[in-house]
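Worksheet: the structure to be examined is printed underneath.
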Protein chains: 2
Amino acid sequence: MNATFGEYIRKLRTDNGLTLTELAALLKLDSANLSKIENGKREFDEKRLDKLASAFSLDIEKLKVEYFGDQFAKKMFEFKCSPETLIVAEEKVKYLKSINMVQTEIKF
Amino acid sequence: MNATFGEYIRKLRTDNGLTLTELAALLKLDSANLSKIENGKREFDEKRLDKLASAFSLDIEKLKVEYFGDQFAKKMFEFKCSPETLIVAEEKVKYLKSINMVQTEIKF
DNA sequence: GTAAATTTGTCAATAATTGACAAGTTAAAA
DNA sequence: TTTTAACTTGTCAATTATTGACAAATTTAC
């Protein structure tokens, strides 16, 4: 599976035999705007990931991987970032975790 | 080297013996706001990456790696994304490139 | 102690995102 | 074909987020 997040939603929707209007209702948004999301002309709002997961009984962790993976990829593509960026990101996640752990230790 | 982007700027600045006011002037922003950036209380604006690069004669590509790596890491940390996210991001960058190539071929 | 450097708080101005609706096109069914 | 549902596109006011700017601390280095 490889697709933009919009394409991913569209596949989910059509595979499950829903119309834009039907899924839009579940996600509490306008069907016209859902159309734009599926066609990559609007962003899907982070806040609706939970609704999307429950609409199709998806694992929210898997969904986050798709969603944020898409976000990062779009940025990298737009700004022509070197692949090294992702390696550095991985290191920095570890760094943030270590910082946070220390803070937590101090605080409590 | 491992640091947030704010810490990274601070190191560059102090290593080069500049005050907040001096670097802020080069970046065309308020020194108070630069302080916040260095302390992770504000975002550094994408649009100033070029100015930052030339202020310290940095390779803009390396700088982008630091900058976007930091952005992605912060998101991942905030939303507790699985490391898998970065692998998916890498795949999706390839996908976007392939899509774009096809479009380019058709258009011209 | 004081002067420079830095930090923090605030807020109006600007910019970006969202929700909503109208008006269009496409597609499938009769 | 005509009709009807599905989808797409454009627009814009309203909401929300970001930025620039300045005042007022606080910290640091003589």
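Chain naming here is simple, since letters A, B, ... match the order of the sequence lines and numbering starts at 1 in each.
With rounding to whole Å, Leu23(A) atom CG is found 13 Å from dC7(D) atom C1'. Spacing between atom CG of Leu27(A) and atom P of dA20(C) amounts to 14 Å, rounded to whole angstrom units. Between the CD1 atom of Ile9(B) and the C1' atom of dT7(C) there is a distance of 16 Å, rounded to whole Å. What separates CG of Leu20(B) from C1' of dT6(C) is a distance of 6 Å, to the nearest Å. Atoms CZ (Arg42(B)) and P (dT18(D)) sit 10 Å apart, rounded to a whole Å. Between the CG atom of Asn33(B) and the P atom of dA17(D) there is a distance of 19 Å, rounded to whole Å. Atom-to-atom, CG of Leu34(A) to P of dC7(D) comes out at 9 Å; the value is rounded to the nearest Å. Whole-Å rounding puts the Asp45(A) CG to dT16(D) P distance at 12 Å.
For the pair Glu46(B) and Ala32(B), nearest-nucleotide mapping onto DNA chain D gives the more 5' position to Glu46(B). Taking the nucleotide of DNA chain C with the nearest heavy atom to each of Asp30(B) and Glu22(B), the more 5' of the two is matched to Glu22(B). Residues Arg48(A) and Lys36(B) each lie close to DNA chain C; by heavy-atom proximity, the contact nearer the 5' end of the strand is made by Lys36(B).
Salt-bridge check for Glu38(B) with Arg13(B): passed, with a basic side-chain N closer than 4.0 Å to an acidic carboxylate O.
When each of Asn33(A), Asp45(A), Leu52(A), Leu49(A) is paired with Leu27(A), the side chain to side chain contact (heavy atoms under 4.5 Å, CB included) condition holds for Leu52(A) and for no other.
With hydrogens and angles ignored, no donor-acceptor pair closer than 3.5 Å exists between the side chain of Lys47(A) and the base of dT16(D). Applying the 3.5 Å distance criterion, the base of dT18(C) shares no donor-acceptor pair with the side chain of Lys28(A).
Residues Lys80(B) and Glu61(A) come closest through the heavy atom pair O-OE1, 3.8 Å. Contact detail for Glu91(A) and Asn2(B): the closest heavy-atom pair is O-ND2, 3.5 Å.
Comparing dT6(C), dT19(D), dT7(C) by their nearest atom to the side chain of Glu43(B) picks out dT19(D).
Using a 4.0 Å heavy-atom distance criterion, Ser35(B) is classed as a base contact. Using a 4.0 Å heavy-atom cutoff across all strands shown, Lys41(A) reaches sugar-phosphate atoms only and no base atom.
Distance NZ/Lys75(A) to OH/Tyr67(B): 6.5 Å, rounded to 0.5 Å.
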